[in-house]
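Every number for a ligand or one of its atoms is a count from 1 in the order of the listing.
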Amino acid sequence: MAFDGIRQAAAVLRGARRIAVLTGAGISAESGVPTFRGPDGLWRKFRAEDLATPEAFARDPVLVWEWYDWRRGIIAKVAPNPGHVVLARWETRFPNFTLITQNVDGLHALAGSRRLLELHGNIWKTRCPDEGRVAENRDVPLSPIPPRCASCGGLLRPHIVWFGEGLDQDILRQAFAACAQADVVLAVGTSALVHPAASLPLAAAESGATVIEINPDPTPLTPHADISLRGKAGEILPRLAAALD
Ligand code: BV8
């Protein structure tokens, strides 16, 4: 990673007042959480798009819950990495800082981030589809599978946004507002393929924000980024933080 990219990004961040960050599965990769489109993104013979849908859950709730139980088992054993820690620290370092994540692993909160918008929900939460009640469930392994609602006995679902489902409109509105007002947007560890999340950095660029991408690989966002830092989030973010101080 050319040092001048880090210096350039640090100069932009130093002068920024309002910062929005969008993270994807890549920021949790160095913690050991499989990404969706990486080599370990597969589970048995399924793809995320096959299982993270209301249709898959209606067809086979046990299979879908087994997939989430497998992921919860992995996530329960991992810790936030230096990339998560830097973003948690920046929440107080900058006057106006919003962290928006597509991840459901809860690692940003574990690293100390509080001003956090979880666009796609959280793997440690269940929701009763009939009552709408959301509850935390940290049982590893889950038992029984599928879990049932204590009050109505109905089948609980993960409190997660599946493909084909709308996002929480209030959370999405806050995310677009943060990006529209931002001086700088960082896109960290996202393949920029999943919408509407992938539109957030583009909306920021349209409002005049400087876009910085941190990713080992190019993505559809790269042509719209002012600065592309090619590398791992757990390595680049600490170097960027050091260049700021
Ligand atoms: C919706 C929860 C409509 C599940 C997830 C255009 C507009 C709107 C919608 C669509 C559209 N085109 C298609 C759609 C439909 C769909 C979609 O976007 N499909 C994609 C596949 C084309 N979108 C939806 O269905 C959304 N809903 O629009 O509904 C609607 C509206 C109103 C009312 C009713 C309906 C819902 C999308 C949410 C889906 N749920 N997550 C779960 O987790 O179980 S998304 C899921 O995939 C993940 O949460 C994650 O967000 C996403 C994967 O993206 P990434 O996070 O970017 O991860 P990925 O593995 O792809 O990439 C990792 C990146 O990290 C790579 O670039 C890699 O290079 C990099 N990396 C690797 N290591 C590192 C690293 N970077 C840094 N450091 C490293 N060490």
Enquirer: If hydrogens are left out, which of Leu172, Ile236, Asn215 has an atom nearest to atom 68 (C) of ligand 1, that is, the closest non-hydrogen atom?
Expert: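 Shortest heavy-atom distance from atom 68 (C) of ligand 1: Asn215.
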Enquirer: Report the distance from atom CG of Leu156 to atom CH2 of Trp65, rounding to the nearest 0.5 Å.
Expert: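 That separation rounds to 6.5 Å.
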Enquirer: Does any N/O atom on Phe163 come nearer than 3.5 Å to any N/O atom on ligand 1?
Expert: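 No, no N or O pair falls under 3.5 Å.
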Enquirer: Could an N or O of ligand 1 be found under 3.5 Å from any N or O of Ala192, whether backbone or side chain?
Expert: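 Not met; the criterion fails.
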Enquirer: Would you confirm whether Asn137, through its side chain, and Asp139, through its main-chain N or O, come within 3.5 Å as a donor-acceptor pair?
Expert: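 Yes, because the side chain of Asn137 sits within donor-acceptor range (under 3.5 Å) of the backbone of Asp139.
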Enquirer: Please work out which of His195, Glu213, Lys232 has its closest non-hydrogen atom nearest to atom 17 (C) of ligand 1.
Expert: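 It is His195 that holds the nearest heavy atom.
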Enquirer: Side chains of His108 and Ser28: is there a donor and an acceptor less than 3.5 Å apart?
Expert: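 Their side chains do not contain a donor-acceptor pair, so the 3.5 Å distance test is not met.
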Enquirer: Identify, by atom number and element, the atoms of ligand 1 in contact range of Arg71, meaning under 4.0 Å from any of its heavy atoms.
Expert: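 It comes down to these atoms of ligand 1: 42 (C), 43 (O), 44 (O).
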Enquirer: Report, in ascending order of atom number, the atoms of ligand 1 lying under 4.0 Å from any heavy atom of Trp162.
Expert: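 Counting from 1, the qualifying ligand atoms are 36 (C), 39 (C).
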Enquirer: Answer yes or no: does atom CZ of Arg93 have more than 12 heavy-atom neighbours from other residues, nucleotides or ligands under 6.0 Å?
Expert: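 It does: Arg93 CZ has more than 12 such atoms within range.
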Enquirer: So does Arg89 have more than 12 non-hydrogen atoms from other groups sitting under 6.0 Å from CZ?
Expert: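 Counting other residues, nucleotides and ligands, CZ of Arg89 stays at 12 neighbours or fewer.
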Enquirer: Can you say whether the rings of Phe97 and Phe94 are parallel (under 30°), tilted (30 to 60°) or perpendicular (over 60°)?
Expert: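 Plane angle under 30°, so parallel.
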Enquirer: Check each of Thr101, Val194, Asn122, Thr222 against atom 52 (C) of ligand 1 and report the one with the nearest heavy atom.
Expert: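 When every heavy atom of Thr101, Val194, Asn122, Thr222 is considered, Val194 comes closest to atom 52 (C) of ligand 1.
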Enquirer: Out of curiosity, does Val12 fall in the hydrophobic cluster containing Leu22 (side-chain heavy atoms, cut-off under 4.5 Å, transitive links)?
Expert: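 No: no chain of side-chain contacts under 4.5 Å links Leu22 to Val12.
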Enquirer: Out of Ala29, Ala187, Gly24, who gets a non-hydrogen atom closest to atom 73 (N) of ligand 1?
Expert: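 Looking at heavy atoms only, Ala29 sits closest to atom 73 (N) of ligand 1.
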Enquirer: Which is closest to atom 25 (O) of ligand 1 in terms of heavy atoms, Gly164, Pro220, Gly189?
Expert: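 Ranked by closest heavy atom to atom 25 (O) of ligand 1, first place is Gly164.
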Enquirer: Give me each pair satisfying salt bridge (charged side-chain N to carboxylate O under 4.0 Å, His left out) with a member in residues 150-178, each pair once, sequence neighbours excluded.
Expert: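 Listed by first then second residue: Arg157-Glu165, Asp170-Arg173.
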Enquirer: Please work out which of Gly166, Ala52, Ser28 has its closest non-hydrogen atom nearest to atom 34 (C) of ligand 1.
Expert: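 Selected option, by shortest heavy-atom distance: Gly166.
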Enquirer: Is the backbone N or O of Ala209 less than 3.5 Å from a side-chain atom of Asp183, with the two atoms forming a donor-acceptor pair by type?
Expert: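 Side chain of Asp183 to backbone of Ala209: no pair is present.
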Enquirer: May I ask whether Glu235 places a heavy atom under 4.0 Å from ligand 1?
Expert: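 No heavy atom of Glu235 comes that close to ligand 1.
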Enquirer: Show me which atoms of ligand 1 lie under 4.0 Å from any heavy atom of Asp217.
Expert: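 Close to Asp217: 69 (O).
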Enquirer: Among residues at least two apart in sequence or on other chains, which ones pass salt bridge (charged side-chain N to carboxylate O under 4.0 Å, His left out) with Arg133?
Expert: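 By the salt bridge (charged side-chain N to carboxylate O under 4.0 Å, His left out) rule, Arg133 matches Glu131.
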Enquirer: What atoms of ligand 1 come within less than 4.0 Å of a heavy atom belonging to Val161?
Expert: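 Counting atoms of ligand 1 from 1, those under 4.0 Å from Val161 are 2 (C), 4 (C), 5 (C), 38 (C), 39 (C), 40 (N), 41 (N).
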Enquirer: Side chain, backbone, both or neither: which applies to Leu193 and ligand 1 if a contact is any heavy-atom pair less than 4.0 Å apart?
Expert: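 Under 4.0 Å from ligand 1, Leu193 contributes backbone atoms alone.
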Enquirer: Please name the pair of heavy atoms, one in Arg230 and one in Asp217, separated by the smallest distance, quoted to 0.1 Å.
Expert: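 Here Arg230 and Asp217 meet closest at NH1-O, 3.4 Å.
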Enquirer: Quick one: does Trp67's side chain have a donor or acceptor within less than 3.5 Å of a partner on Ala52's backbone?
Expert: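 Between the backbone of Ala52 and the side chain of Trp67 there is no qualifying donor-acceptor contact (under 3.5 Å).
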Enquirer: If we set the cut-off at 4.0 Å for heavy atoms, which region of Val104 has an atom near ligand 1: side chain, backbone, both, or neither?
Expert: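 Val104 to ligand 1: side-chain contact only, backbone stays beyond 4.0 Å.
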Enquirer: If we only consider heavy atoms of Pro216, is any one of them less than 4.0 Å away from an atom in ligand 1?
Expert: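 Yes.
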Enquirer: Measure Thr35 to ligand 1 on non-hydrogen atoms and call it side chain, backbone, both or neither using the 4.0 Å cut-off.
Expert: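 The part of Thr35 near ligand 1 is both the backbone and the side chain.
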Enquirer: Is any side-chain heavy atom of His84 closer than 4.5 Å to one of Ile27?
Expert: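 A side-chain contact exists here, since the closest heavy-atom pair is under 4.5 Å.
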Enquirer: Which atoms of ligand 1 sit under 4.0 Å from any heavy atom of Tyr68?
Expert: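 Contacts of ligand 1 toward Tyr68, numbered from 1: 4 (C), 42 (C), 44 (O).
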Enquirer: Between Ser31 and Asn81, which heavy-atom pair has the shortest distance, and what is it?
Expert: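 It is OG-ND2, 2.9 Å.
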Enquirer: Just to check, does Ile27 reach to within less than 4.0 Å of ligand 1 when the distance is taken from its heavy atoms?
Expert: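 Contact check Ile27 vs ligand 1: negative.
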Enquirer: Hey, which atoms in ligand 1 end up nearer than 4.0 Å to a heavy atom of Glu30?
Expert: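 Atoms satisfying the 4.0 Å criterion: 78 (N), 79 (C), 80 (N).
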Enquirer: For ligand 1, which atoms sit closer than 4.0 Å to a heavy atom of Trp67?
Expert: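 What qualifies from ligand 1 is 44 (O).
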Enquirer: Out of Arg230, Glu49, Glu118, Glu165, indicate the one that has the non-hydrogen atom closest to atom 21 (C) of ligand 1.
Expert: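 Minimum heavy-atom distance to atom 21 (C) of ligand 1 goes to Glu49.
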Enquirer: Out of Pro196, Ala233, Ser191, whose heavy atom is nearest to atom 78 (N) of ligand 1?
Expert: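 Looking at heavy atoms only, Ala233 sits closest to atom 78 (N) of ligand 1.
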Enquirer: Under 4.0 Å from a heavy atom of His120: give me the atoms of ligand 1 that qualify, with their elements.
Expert: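 Once the distances to His120 are compared, the set is 2 (C), 5 (C), 38 (C), 41 (N), 45 (S), 49 (O), 51 (O).
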